[in-house]
Amino acid sequence: HKGPVFAPLYEPMPDKVKFYYDGKPMKLSAPAEEVATFFAKMLDHEYTTKDIFRKNFFKDWRKEMTSEEKTKITDLNKCNFSEMNEYFKAQSEARKQMSKEEKQKIKEENERLLQEYGFCLMDNHKERIGNFRIEPPGLFRGRGDHPKMGMLKRRIRPEDIIINCSKDSKHPKPPPGTKWKEVRHDNKVTWLASWTENIQGSIKYIMLNPSSRIKGEKDWQKYETARRLKKCVDRIRTQYRDDWKSKEMRIRQRAVALYFIDKLALRAGNEKEEGETADTVGCCSLRVEHIKLYPKMDEQEYVVEFDFLGKDSIRYYNKIPVEKRVFKNLQLFLENKQPEDDLFDRLNTSILNKHLQELMDGLTAKVFRTYNASITLQQQLKELACPDDSLPAKILSYNRANRAVAILCNHQRAPPKTFEKSMQNLQTKIDEKQNQLSAARKQLKAAKADHKASHDDKSKKAVELKRKAIQRIEEQLMKLQVQATDREENKQIALGTSKLNYLDPRISVAWCKKWDVPIEKIYNKTQREKFAWAIDMAEKDYEF
DNA sequence: CGCGGGACTTGTATTAAAAACA
DNA sequence: TGTTTTTAATACAAGTCCCGCG
């Protein structure tokens with residue numbers, strides 16, 4: 001491979017674009033100005049109103065200032081970035097207004113870069129690289145209540161990069177006048193380049209695209225492991241139910257946690273370093289404050305209410321009735337604890353996964369999520385199938401099955417900003433189409449009357465034509481209605497994550513073959529590339 | 001057994017491109 | 001054909017899980 005592409009160097013602001021401190025224009029040194037532009041670009045974003053973001057930004061910004069600037073600029077509230085902000089808006093507007101030729105030129109340059117840096121040779125196969133560009137410097141945007149939001153993500157230089165390639169290959173060259181941090185030849189790992197990021201101190205990698213052999217094989221293995229779980233899941237369920245009765249607390253906790261992971265598709269829940277990240281939890285790290293127990297709620301008995309922030313600070317809220325034994329165990333786990341105490345104080349992911357490993361080779365907590373997602377899709381597709389359905393109706397059924405999985409896995413999205421409007425537009429279209437339909441029906445009636453009167457060939461043809469027109473309008477109307485239903489049901493649900501990461505693609509491929517649905521209706525180009533192995537492999541009778 | 005480092009997968013938000021529309 | 005809306009691609013953050021060490 002040719003190594004990564006570095007972020008473009010900083011281009012100083014034109015002199016006419018001013019930064020103001022305390023109402024007065026002030027020329028910043030290049031390093032201070034660069035960091036200021038990161039903030040200026042985000043002025044319209046909610047982040048810049050958050051205290052922590054502002055505080056972290058200001059602290060890191062000051063580090064880039066000259067001593068003079070440091071003395072002068074002491075209060076972020078007195079900083080006025082609005083001219084800079086407007087400048088960037090104008091730039092982006094100008095980009096949109098560029099001529100066709102200019103746009104074409106940029107496109108060609110990107111394509112050239114992709115051809116040069118976007119591919120590598122692995123085991124004599126040309127493979128697409130996933131992310132060959134180094135992340136540019138900027139302000140860290142942590143999700144949720146992140147203590148480090150606003151900190152400066154520093155520029156990555158060749159001296160920060162470790163290159164991994166085979167010994168006998170032509171080693172990628174660093175840009176002129178620079179050096180790599182290291183060149184190594186480790187064939188036990190899949191990454192091509194790596195660097196240490198300065199916010200969390202974690203390592204970032206350049207790896208291959210999902211369409212690559214190495215990623216595809218791993219993906220396939222993942223689903224094979226989940227299928228092996230299918231064969232022994234009954235046994236495992238029997239055992240954890242049995243363990244609810246164990247006299248050992250650690251075993252009861254393990255069994256109840258596993259029940260949640262299985263039934264609710266919760267994530268494992270590793271421990272996190274306090275103060276380094278947003279406060280989020282998974283199953284093993286649930287705290288007392290995250291659940292409430294209701295011996296009776298409405299018509300149901302033994303209801304557990306979950307309310308916590310999971311990965312990416314997405315809220316998980318669910319009320320579910322559980323078996324009496326689980327409920328009694330939970331009451332026991334809660335005894336003499338404070339809200340901020342761990343619910344499962346005798347359990348962590350390492351203990352749980354060690355146990356799972358003993359139950360089945362390769363079994364870990366996340367396999368349950370894969371298994372339950374895939375088996376749900378398969379079941380739902382069977383239930384929703386209707387051979388006489390039109391193609392759009394079949395696709396709606398598929399999306400509904402997909403949606404059932406997304407709900408199980410709690411894959412949410414913020415409702416699109418334009419959702420209401422776009423829904424209204426669609427409704428208008430439906431109304432119009434309905435009017436069109438009734439008009440067409442009237443016309444048919446008239447044509448029929450005409451034919452009755454004249455009985456000639458011409459009028460007969462006219463009737464046929466009107467019939468066809470009605471049929472076409474009816475189809476269009478149905479398509480629109482299906483679309484509206486689909487969109488409404490999808491308001492806050494993200495289907496992509498489960499489709500890409502949890503659903504054995506062979507289930508979808510088989511379904512397409514069985515019901516004569518073109519695969520392009522289910523998977524777009526990228527997805528077909530990623531799932532090429534499955535498209536090759538699965539026949540219509542494939543069973544997960 | 002706890003801890004930290006490391007490698008890899010999963011996840012949402014943002015941006016760019018394509019498609020639909022007027 | 002230009003504009004708006006929708007969809008696809010990208011970016012990069014945030015998880016999981018494993019391993020080696022003291």
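Throughout, protein chains are lettered first and strands after them, A, B, ... in sequence-line order, and every chain is numbered starting at 1.
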Any Lys/Arg nitrogen of [X] or [Y] sitting under 4.0 Å from an Asp/Glu carboxylate oxygen of the other?
{"X": "A:K89", "Y": "A:E86", "result": "no"}
{"X": "A:D307", "Y": "A:R315", "result": "yes"}
{"X": "A:E224", "Y": "A:R227", "result": "yes"}
{"X": "A:D243", "Y": "A:R254", "result": "yes"}
{"X": "A:R155", "Y": "A:E34", "result": "yes"}
{"X": "A:D145", "Y": "A:K50", "result": "no"}

Are OP1 or OP2 of [N] and a side-chain N or O of [X] less than 4.0 angstrom apart?
{"X": "A:K153", "N": "C:dA13", "result": "yes"}
{"X": "A:R369", "N": "B:dG11", "result": "yes"}
{"X": "A:T190", "N": "B:dC8", "result": "yes"}
{"X": "A:H45", "N": "B:dT14", "result": "yes"}
{"X": "A:R128", "N": "C:dT10", "result": "yes"}
{"X": "A:H146", "N": "C:dA13", "result": "no"}
{"X": "A:K188", "N": "B:dG6", "result": "no"}

So [X], base contact, sugar-phosphate only, or nothing? Heavy-atom distance under 4.0 Å.
{"X": "A:Y205", "result": "base"}
{"X": "A:K354", "result": "nothing"}
{"X": "A:Q200", "result": "sugar-phosphate"}
{"X": "A:T280", "result": "sugar-phosphate"}
{"X": "A:R528", "result": "nothing"}
{"X": "A:P210", "result": "nothing"}
{"X": "A:S350", "result": "nothing"}

Item to check | 5'-most by nearest nucleotide on DNA chain B - A:G201 or A:Y502 | outcome: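 Counting from the 5' end, the first nearest nucleotide belongs to A:G201.
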
Item to check | Earlier contact from the 5' end, DNA chain B, for A:S194 and A:I351 | outcome: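 Closer to the 5' end of DNA chain B: A:I351.
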
Next on the checklist: Can a donor-acceptor pair be found, under 3.5 Å and without considering hydrogens, that links the side chain of A:H1 to the backbone of A:I163?
Outcome noted: no

Checklist entry - Which residue, A:A278 or A:N131, contacts DNA chain C at a nucleotide closer to its 5' end, judged by nearest heavy atom? => result A:N131

Next on the checklist: Expected output is a numbered-order residue list: members of residues 211-226 of chain A with a heavy atom under 4.0 Å from any atom of DNA chain B. What is it?
Outcome noted: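 Only A:K215, A:K218, A:K222 qualify.
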
Next on the checklist: Could you check whether A:W511 and A:Y398 have their ring centres less than 6.0 Å apart?
Outcome noted: yes

Checklist entry - Does a donor on one side chain and an acceptor on the other come within less than 3.5 Å for A:S202 and A:E197? => result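 Looking only at side-chain atoms, A:E197 and A:S202 do form a donor-acceptor pair, the distance falling under 3.5 Å.
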
Next on the checklist: Distance alone, cut at 3.5 Å: any donor-acceptor contact between the side chains of A:K204 and A:S194?
Outcome noted: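 On atom types as modelled, these side chains do not qualify, holding no pair under 3.5 Å.
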
Item to check | Nearest-nucleotide pick for A:F140, side chain only, options being C:dA14, B:dC8, B:dT12 | outcome: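 Closest nucleotide among those given: C:dA14.
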
Rounded distance in Å - [atom1] ([X]) to [atom2] ([N]):
{"X": "A:R413", "N": "B:dT10", "atom1": "CZ", "atom2": "C1'", "result": "18 Å"}
{"X": "A:I203", "N": "B:dG4", "atom1": "CD1", "atom2": "C1'", "result": "11 Å"}
{"X": "A:R141", "N": "B:dA13", "atom1": "CZ", "atom2": "P", "result": "12 Å"}
{"X": "A:D279", "N": "C:dA14", "atom1": "CG", "atom2": "P", "result": "13 Å"}
{"X": "A:E520", "N": "B:dA19", "atom1": "CD", "atom2": "P", "result": "13 Å"}
{"X": "A:E46", "N": "B:dT14", "atom1": "CD", "atom2": "P", "result": "10 Å"}
{"X": "A:E529", "N": "C:dA8", "atom1": "CD", "atom2": "C1'", "result": "12 Å"}
{"X": "A:I206", "N": "C:dA11", "atom1": "CD1", "atom2": "P", "result": "11 Å"}

Any protein N or O atoms within reach of nucleotides 16-18 of chain C? Criterion: under 3.5 Å, listing atom names and distances.
residue : atom : partner : partner atom : Å
C:dT16  : OP1  : A:A268  : N            : 3.3
C:dT16  : OP1  : A:G269  : N            : 2.7
C:dT16  : OP2  : A:N270  : N            : 3.0
C:dT16  : OP2  : A:N270  : ND2          : 3.0
C:dC17  : OP1  : A:T364  : OG1          : 2.9
C:dC17  : OP1  : A:A365  : N            : 3.3
C:dC17  : OP1  : A:K366  : N            : 2.7
C:dC17  : OP2  : A:N353  : ND2          : 3.1

Next on the checklist: Can you pull out every ring-ring contact (aromatic ring centres under 6.0 Å, His included) where at least one residue sits in residues 251-284 of chain A? Sequence neighbours excluded, please.
Outcome noted: A:W244-A:Y259, A:F260-A:F306

